Each structure stands twice: as C-alpha cells, then as structure tokens.
Protein chains: 2
Amino acid sequence: MSEGRGGKAGYHHGDLRNALVDAASELARGGGPEAVVLREAARRVGVSPTAAYRHFANQADLLQAVKDEGQRRLADSMEEAIAETEPPPGGDPAAAAKARLMALGFGYVRFAVTEQGMYRTAFCRVGPDREKWTHEGGAAELRPGDARSFRLLVGAMDAIDAAGAMRPGSRTGAEFAAWSSVHGLAMLILDGPLHEVPPPQRDAIVTRTLTTILDGLTV
Amino acid sequence: MSEGRGGKAGYHHGDLRNALVDAASELARGGGPEAVVLREAARRVGVSPTAAYRHFANQADLLQAVKDEGQRRLADSMEEAIAETEPPPGGDPAAAAKARLMALGFGYVRFAVTEQGMYRTAFCRVGPDREKWTHEGGAAELRPGDARSFRLLVGAMDAIDAAGAMRPGSRTGAEFAAWSSVHGLAMLILDGPLHEVPPPQRDAIVTRTLTTILDGLTV
DNA sequence: CAGGTGATGTTAATACTGTCAACATGAGGC
DNA sequence: GCCTCATGTTGACAGTATTAACATCACCTG
C-alpha cells in the first residue's frame, strides 16, 4: 500500500471518514457551515454520495464532525497565542495572569478573522436530528472538543483569582462575561458593524474591549 | 374591498410582498433563518412559488427582508425595556444613565431568549448574491433598520459620558465592548454552554456580565 | 369609454440537495 | 477455500431555488 494515513486502494477507500471530514472542513473553511454539503464532499473524495452514510448518520452528523474540528483548531490557536506571550517584566504573577488572559482573547479573535468559515462553523447550530448511533454508546452529555477553549479561559480566570487580582465577588460567572465579549466581538467583526473597519483600528477596538472586561473583573 | 391592509381579491393579491414577509417572519420565528424557505412562505400565502420573484430578487432577498424585520423588533424590545425602567431614586444623572444601559442589555437578552428564531434571523448571514434591483436606486450603503438598536446603545453611552461617569479614556469603542458582551451572551444562552441553565441562574449571569462591563467602563 | 400595456401571478422545466432501498465487492475470520 | 459483513455503488424520490414562457387584469391613454 504505502499510502500515508490509510490509502485508497480500489473499491474500499480505507479511511473514508477522515477523508470526508477533511474535504468537508475545506468546504467550511471557504464558505462556512452552509457550504459543507455532503454530496460535494463525497465528490471531492471521489466517492459516491451515499457512501458517506456508512460513516455519518446524515449531513448534520458530518457537519458536527467539522464543527468539532473547528473547535479543536480554535483551541489550538488560543494555545499558540499563549505560548507566544512572554510574561511581562517584574515577575508580578497578577500581571502575568492578566497578560495571559489578553493573549487568549487575541488568539481567539485572530482565529475568527483568519479562519472565518471555520470559525463560523465551529459555532454554527447543527440541527437536532442527529441522535442515532452518533453517540449511542457515548459517554457523557458534553461534547469533548467543545470545551477545551472554554477550559483555557477558566484556567486563565483561576490564575488571576489565585494571584489575588480579582475584584471581590467577580469570580463567579467571570468566564461567561469574558467569553461573551470575545465571541460577540468576533461576530461584530465578521458580520456586523465592524466588518469594513481596517485592521489597525480593528485591533485597537479589540484591545479596548478586552481591557474593558479586564478592568471590570480585576482590581 | 374592505380587507384590512390590502386585500387579496382574486388573481392579483394586492399586498403580496408584505404577506410574504409576514409568512416568512413566522417561519423564522419558529425555526430561525434556515426555516425561511421561499416555497413554504408562498404556500402559506396561497400563491405560486414563483410569484415571490416579482417582489424579491431571490430567497436571500426575502431573507434579508425578514432579517430587517427582526432588527426592528429587537430595537422595539430594547425601547420597551427602557420605557419600563424608572430612574433610580436620588436623581443622580449618572446612576440614571447607568440604569438605562442595564435596561438596554436586559431588553436585548430578553428578546433573544423570547424570540430565539427571530433573533437568530436578525443576525444571520444573508449571502452575497443579492445585489440586483434590491437597492439599485438605493440611498446609502448602510441598512437603515440595522442601526437603530446600535444607535440606542450609542445614546446610552453618550448619556453616561455626559453625566461624567465614564472612566477616563474609555469612551472610544465603548459601544463595541458593550454590544459584544450582550450579543455574545445571547449566543451563549441560545446555543452555547448556558443553554441548559435554568432562568434564575441565567439571569444572575446576565446581571453579572452587564455589571462587569459597566464596572469596566465607568468610574 | 374602448383598447393597449405593463405589473403581477401561473405553469412547466432544470439543476441542485439530502436520503433511502436494493445491490455489489472484497477483506478477513472460520 | 468459503462465507460473511462492513463498506461502496446504483437508482430513485422528495424537496428546494430559479428561470423561461404564458396568462390575467388594473390602469392609463386616446
């Protein structure tokens, strides 16, 4: 064989599921969730449309797989942003924790802007009719990948709190306030009034929004 | 004739465009933007599918009309929320301005929760291929209704600023920070991690998020 | 007031989509 | 070596948007 990551020999593909997710992800990258059409993904993989139904319950199920992939890449982007951040001089743990939170926000928005289609897909609504064997033996209620980016945020909040920089009474629900801001900001940039704003001013607004949240949460 | 708001006598309907928008809005109310399907709207009005093309360039154009309607209703909800708010005792203009901003936020979220489908439609992406005569003689670039809710927010911010309650340097971009929070919050509630949270706790989170923003913006 | 005409609706047809049922293939265990 | 079942294929059906060609009638014009 020798075909990297499962080859497609002949009649049997060997790795159809992943191939379909890849193709569908590419569609999503270009056109968002409404662009991930099952037949087109199958076409690109070079397989008949109905073959997809051996690996996905329906189109919604395929879309969910792409969505999970999007969430994964988003979390990656946020982790990268943290990794790129060097702690501010002075060794102040509070300042470091704040800087990390800001980095998370920038990483988030950067991904949203850079990978518009994928970002939109990562947060698209997926339709209810997707039960079936998708998870029937499945574990918990929560989707696994869905949470990683959110957990990063929670961790950053905990760090700020641990450094004693959190405003009294502000810890509970702080993740939601921060997440809301950043998610809404991304939407504003992608579809809303900030759509046409050139990058420099846009970045300034992002910075101001993030600092506003930080000011509201910390002392 | 005597048929309220333009009657449908026989062959010619008389008010098809509005009738279609109404029907489509009802679809959106129930199932969000993806539920507004041209043929179904026509079916409900009792007209042939292609009749719609005499009033809309295509399905995206119809969807845009529904979206505008959604924006209108959202702005109405926010104005109602302001109207229901009595200024806090003491006659402090800063406190009154802050209270009004909070009311706007609550009105916004209330609409999002109460009218999920319509809210989602009001902020859905509408697809590019919609030029044509939709606006060809049209005025400016900006959609008119799109802005009203946003202008309400700007006004509230100005009032806070005028009352001298704005934190130094926080005025610029303040609307975006506030709007982001509230919009992201609504999304979190509709589709995200806050989906299953019971109303009481949900309201608490909303309150905390709004106060966080307020704390970040004001002195 | 007759007659033409353009806005408004209708019918028929095309090209997509998702999805199911019936059939084909061949990889791997007995 | 054969048989079985996961995996792919073909064919068909329903639903959607959209266009072209045709029908009707409200209203302006002479």
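These numbers come from the heavy atoms of this one structure, side chains and all, not from hydrogens, waters or symmetry mates. Predicted model only: the values in this text are computed from it and were never measured. Numbered from 1 within each chain, the chains take letters A, B, ... in sequence-line order.
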*asked:* If you assign each of Pro49(B) and Ala51(A) to its closest nucleotide in DNA chain D, which residue comes earlier from the 5' end?
replied: Ala51(A)
*asked:* Reading DNA chain C from 5' onward, which residue's closest nucleotide shows up sooner: Thr50(A) or Val37(A)?
replied: Val37(A)
Separation of [N] [atom2] from [X] [atom1] (nearest whole Å):
X	N	atom1	atom2	value
Leu38(A)	dC20(C)	CG	P	11 Å
Arg54(A)	dG18(C)	CZ	P	17 Å
Leu63(A)	dG18(C)	CG	C1'	13 Å
Asn58(A)	dG18(C)	CG	P	10 Å
Phe56(A)	dG18(C)	CZ	P	13 Å
Gln59(B)	dT17(C)	CD	P	16 Å
Asp15(B)	dT8(C)	CG	P	11 Å
Asp61(A)	dG18(C)	CG	C1'	14 Å

*Side-chain donor-acceptor pair under 3.5 Å between Arg29(A) and Ser25(A), yes or no?*
no
*Judged by modelled atom types alone, do Ser181(A) and Ser180(B) share a side-chain donor-acceptor pair under 3.5 Å?*
no
*asked:* Please determine whether a side-chain nitrogen or oxygen atom of Arg43(A) lies at a distance below 4.0 Å from atom OP1 or OP2 of dT17(C).
replied: yes
*Using a cut-off of less than 4.0 Å, is there contact between a side-chain N or O of His55(B) and OP1 or OP2 of dG9(C)?*
yes
*Can a donor-acceptor pair under 3.5 Å be found between the side-chain atoms of Arg39(A) and the base atoms of dG18(C)?*
yes
*Is a salt bridge present between Glu34(A) and Arg120(A), judged by a nitrogen-to-oxygen distance below 4.0 Å?*
no
*asked:* Less than 4.0 angstrom from a charged side-chain N to a carboxylate O is my criterion; do Arg148(B) and Asp76(B) meet it?
replied: yes
